Enquirer: 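Please see the structure below; I have some questions.
Note that the structure is predicted; figures quoted are calculated from it, not measured.
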Amino acid sequence: QVQLVESGGGLVQPGGSLRLSCVGSGIIFSIYYMGWYRQVPGKQRELVAAIGSGGITNYADSVKGRFTISRDNAKNTVFLQMNSLKPEDAAVYYCNGVRGSYVYWGQGTQVTVSS
């Protein structure tokens, strides 16, 4: 059974930081292309950041310079370090893993940015 389990969401003030984690099980984590997406009610889920098995990263323009994605294959974990958070970053953040036709999602973790 494949599972992607996110953690680390919560309430943070504008300008603050959060670190999201996603632990994968049931897959050969190291060969998966891993990503973080986010979604707010009424809008499509959007890619925030992604990292390949070799460590190459990709970011949405809106988070470049503020967010950093990384992975620890030994721990089957992908991270999203979010700094300088803005109210518009508030969303449910989802972990995603892709390998060919295999696509898996986590259950999501809520990030709220508010003073």
Side-chain angles (χ1 to χ4, degrees):
Q1 181 183 2
V2 177
Q3 280 191 311
L4 297 176
V5 180
E6 302 100 332
S7 61
L11 172 64
V12 64
Q13 292 186 341
S17 298
L18 281 175
R19 189 192 197 204
L20 305 183
S21 300
C22 170
V23 179
S25 60
I27 57 174
I28 304 174
F29 185 87
S30 62
I31 66 173
Y32 272 71
Y33 190 82
M34 300 301 298
W36 287 97
Y37 287 72
R38 65 188 181 189
Q39 189 171 25
V40 298
K43 291 192 175 182
Q44 283 191 326
R45 195 170 294 188
E46 64 173 1
L47 175 68
V48 175
I51 184 167
S53 57
I56 295 176
T57 58
N58 180 40
Y59 295 93
D61 287 343
S62 59
V63 306
K64 282 180 181 176
R66 300 188 298 122
F67 291 10
T68 302
I69 189 171
S70 60
R71 64 192 298 162
D72 184 340
N73 290 331
K75 297 182 178 179
N76 286 4
T77 303
V78 60
F79 304 97
L80 185 68
Q81 178 66 45
M82 305 186 294
N83 298 329
S84 302
L85 281 160
K86 304 176 181 180
E88 53 262 42
D89 294 318
V92 178
Y93 283 70
Y94 296 91
C95 178
N96 167 266
V98 177
R99 175 74 177 180
S101 61
Y102 295 92
V103 182
Y104 301 104
W105 292 94
Q107 82 287 352
T109 185
Q110 178 72 50
V111 171
T112 303
V113 184
S114 175
S115 55

Enquirer: Indicate, with yes or no, if Val63 and Ile56 share a hydrophobic cluster defined by side-chain heavy-atom contacts under 4.5 Å among Ile, Leu, Val, Met, Phe, Trp and Tyr.
Expert: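 No.
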
Enquirer: Got a donor-acceptor contact below 3.5 angstrom from the Arg71 side chain to the Tyr33 backbone?
Expert: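 Absent.
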
Enquirer: Answer yes or no: is there a side-chain heavy-atom contact under 4.5 Å between Arg66 and Met82?
Expert: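 A side-chain contact is absent here, since even the closest heavy-atom pair is not under 4.5 Å.
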
Enquirer: Is the shortest side-chain heavy-atom distance between Gln81 and Ile69 below 4.5 Å?
Expert: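 No - every pair of side-chain heavy atoms lies 4.5 Å or more apart.
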
Enquirer: When hydrophobic residues are tied together by side-chain contacts of less than 4.5 Å, even through go-betweens, does Val40 share a cluster with Val111?
Expert: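 They do not share one cluster, since no chain of ILVMFWY contacts under 4.5 Å joins Val40 to Val111.
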
Enquirer: Check the pair Leu11, Ser114 against side chain to side chain contact (heavy atoms under 4.5 Å, CB included), reporting the backbone distance first and the verdict last.
Expert: CA-CA 7 Å; Leu11 172 64; Ser114 175; 4.2 Å; yes

Enquirer: So, applying side chain to side chain contact (heavy atoms under 4.5 Å, CB included) with Tyr32, which one of Asn73, Ile27, Leu4 is it?
Expert: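 Looking at Asn73, Ile27, Leu4, the match for Tyr32 under the side chain to side chain contact (heavy atoms under 4.5 Å, CB included) is Ile27.
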
Enquirer: Nearest heavy-atom pair of Ala49 and Leu80: which atoms, and what distance?
Expert: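 Distance-wise, the nearest heavy atoms are CB-CD1, 4.1 Å.
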
Enquirer: My understanding is that only residues two or more places apart in sequence, or in another chain, count here; which of them pass side chain to side chain donor-acceptor pair (under 3.5 Å) with Ser25?
Expert: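 Residues passing side chain to side chain donor-acceptor pair (under 3.5 Å) with Ser25: none at all.
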
Enquirer: Check this for me: Gln44, atom CD, are more than 12 non-hydrogen atoms of other residues, nucleotides or ligands nearer than 6.0 Å?
Expert: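 Atom CD in Gln44 is not crowded, with 12 or fewer foreign heavy atoms closer than 6.0 Å.
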
Enquirer: How would you list, by chain and number, every residue that makes a side chain to side chain contact (heavy atoms under 4.5 Å, CB included) with Asn96, sequence neighbours excluded?
Expert: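 Listed in chain order: Tyr37, Val98, Val103, Trp105.
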
Enquirer: Does a salt bridge link Lys64 with Asp61, judged by any charged N lying under 4.0 Å from a carboxylate O?
Expert: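 Salt bridge between Lys64 and Asp61, a charged N being under 4.0 Å from a carboxylate O: yes.
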
Enquirer: By side chain to side chain contact (heavy atoms under 4.5 Å, CB included), which residues pair with Ile28, not counting sequence neighbours?
Expert: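 Here the qualifying residues are Ser30, Ile31.
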
Enquirer: Return a table of donor-acceptor pairs under 3.5 angstrom between the side chains of residues 15-23 and protein atoms on other chains or two or more places apart.
Expert:
| residue | atom | partner | partner atom | Å |
| --- | --- | --- | --- | --- |
| Ser17 | OG | Asn83 | OD1 | 2.9 |

Enquirer: ring-ring contact (aromatic ring centres under 6.0 Å, His included): which pairs involve residues 70-99, sequence neighbours left out?
Expert: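 Every pair satisfying ring-ring contact (aromatic ring centres under 6.0 Å, His included) with a residue in residues 70-99: there are none.
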
Enquirer: From Phe67 CZ over to Leu85 CG, what is the distance, rounded to the nearest 0.5 angstrom?
Expert: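 Here the interatomic distance stands at 5.0 Å.
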
Enquirer: Side chain to side chain contact (heavy atoms under 4.5 Å, CB included) between Val78 and Trp36: does it pass, once the steps are laid out?
Expert: CA-CA 9 Å; Val78 60; Trp36 287 97; 3.9 Å; yes

Enquirer: Only counting residues at least two apart or in another chain, list the ones meeting side chain to side chain contact (heavy atoms under 4.5 Å, CB included) with Gln110.
Expert: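 Only Val92, Thr112 meet the side chain to side chain contact (heavy atoms under 4.5 Å, CB included) criterion with Gln110.
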
Enquirer: Is there a side-chain contact between Leu47 and Tyr59 in this structure, where contact means two heavy atoms from C-beta onward sitting under 4.5 Å apart?
Expert: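 SC-SC contact between Leu47 and Tyr59 ruled out.
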
Enquirer: Where the side chain of Glu6 meets the backbone of Gly108, is there a donor-acceptor pair that is under 3.5 Å apart?
Expert: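 Yes, because the side chain of Glu6 sits within donor-acceptor range (under 3.5 Å) of the backbone of Gly108.
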
Enquirer: To the nearest 0.5 Å, what is the distance between CE (Met34) and OG1 (Thr77)?
Expert: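 One gets 9.0 Å once the value is rounded to the nearest 0.5 Å.
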
Enquirer: Tell me the closest heavy-atom pair linking Pro14 and Ser115, and the distance in Å.
Expert: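 Looks like CD-N, 3.7 Å.
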
